[in-house]
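Presented below is the structure to which this report refers.
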Amino acid sequence: MADAGARLILAFDFGTRRIGVAVGNELLASARELAPLPARDGIPDWAEVARLVDEWRPDLFVVGLPLNMDDSESVMSTRARKFGKRLFGRFGVPCEMVDERGSTREAKAIAREGGHRGNYRQESVDGIAAVLILEGWFARAEGLPPR
């Protein structure tokens with residue numbers, strides 16, 4: 001495992017139909033989108049997740065935590081936390097939850113600027129949201145304000 005400040009991180013934007021994925025390097029504070037994981041009622045194909053973990057060998061998982069605007073948690077928060085616990089339980093890699101409020105809205109805006117036609121079921125923005133979640137985690141780690 002790499003030391004803090006030089007870790008490779010896999011980030012996830014939890015969803016019931018798809019889970020966005022991004023990979024980033026803490027040293028460079030950069031992230032890039034990977035193909036989203038299909039999910040059934042929030043349950044991914046764990047063999048596919050294992051393939052990602054084998055390929056990238058992350059030092060840390062970061063999972064977006066959907067919070068309400070009053071900072072309270074929702075059913076989706078509970079499910080995202082459960083997903084994070086399962087990641088840790090299956091792979092033994094530490095997992096941190098991070099406030100993801102606004103990431104989907106910002107991901108859609110970024111996609112529209114890139115010519116997205118608005119059909120988010122066919123062309124998801126989950127990977128972009130995962131990048132934003134990870135970039136937000138990098139910013140907080142550096143003491144910068146969240147997005």
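Predicted, not measured: the structure shown is a model, and the values here were computed from it.
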> So, does Asp59 use its side chain to make a donor-acceptor pair with the main chain of Leu8 at under 3.5 Å?
Replying inline: yes
>> Less than 4.5 Å apart, side chain to side chain, heavy atoms only: is that true for Asp45 and Pro38?
In response: no
> From Arg7 CZ over to Leu27 CG, what is the distance, rounded to the nearest 0.5 angstrom?
Replying inline: 11.5 Å
> Distance from Leu34 atom CG to Leu10 atom CG, nearest 0.5 Å?
Replying inline: 7.0 Å
> About how many Å separate NZ of Lys108 and CD1 of Ile128, when rounded to the nearest 0.5 Å?
Replying inline: 11.5 Å
> Between Asp71 and Arg101, is the closest basic N to carboxylate O distance under 4.0 Å?
Replying inline: yes
> What closest approach, in Å, do Ala6 and Glu26 show between heavy atoms, and which atom pair accounts for it?
Replying inline: N-OE1, 3.4 Å
> Do Leu52 and Asp54 touch side chain to side chain, with heavy atoms closer than 4.5 Å?
Replying inline: no
> Got Ile9 and Phe61 here, is their nearest side-chain heavy-atom distance under 4.5 Å?
Replying inline: no
> Would the number of heavy atoms belonging to other residues, nucleotides or ligands and lying under 6.0 Å from CZ of Arg51 be above 12?
Replying inline: yes
>> As a quick check of understanding, evaluate ring-ring contact (aromatic ring centres under 6.0 Å, His included) for Phe12 and Phe83, giving each step before the final call.
In response: CA-CA 10 Å; Phe12 298 91; Phe83 175 70; 5.5 Å; yes
> Below 4.5 Å, heavy atoms only, C-beta onward: do Phe138 and Leu144 meet side chain to side chain?
Replying inline: no
> Do Leu65 and Glu73 touch side chain to side chain, with heavy atoms closer than 4.5 Å?
Replying inline: yes
> Looking at Pro36 and Ser124, what are the two nearest heavy atoms and their distance?
Replying inline: CG-OG, 3.8 Å
> With the threshold set at 4.0 Å, does a side-chain nitrogen-carboxylate oxygen contact exist between Asp41 and Arg79?
Replying inline: yes
>> Using every non-hydrogen atom in the two residues, find where Pro66 and Ser74 come nearest and quote the distance to one decimal.
In response: O-OG, 4.0 Å
>> I need the Leu134 CG to Ser30 OG distance, nearest 0.5 Å.
In response: 8.5 Å
> From Phe14 CZ over to Leu87 CG, what is the distance, rounded to the nearest 0.5 angstrom?
Replying inline: 10.0 Å
> Quick one: does Met76's side chain get under 4.5 Å of Thr16's, heavy atoms only?
Replying inline: yes
> Nearest heavy-atom pair of Gly64 and Ile133: which atoms, and what distance?
Replying inline: CA-CD1, 3.8 Å
>> For a 4.5 angstrom cut-off between non-hydrogen side-chain atoms, does Leu132 reach Trp137?
In response: no
> How long is the gap from CG on Asp99 to CZ on Arg140, to the nearest 0.5 Å?
Replying inline: 6.5 Å
> If you take all heavy atoms of Gly127 and Ala22, which pair is closest and at what distance?
Replying inline: O-CB, 4.5 Å
> Looking at side-chain heavy atoms only, is the closest gap between Leu60 and Pro94 below 4.5 Å?
Replying inline: yes
> What's the shortest heavy-atom distance between Ile19 and Gly42, and which atoms?
Replying inline: CD1-O, 4.2 Å
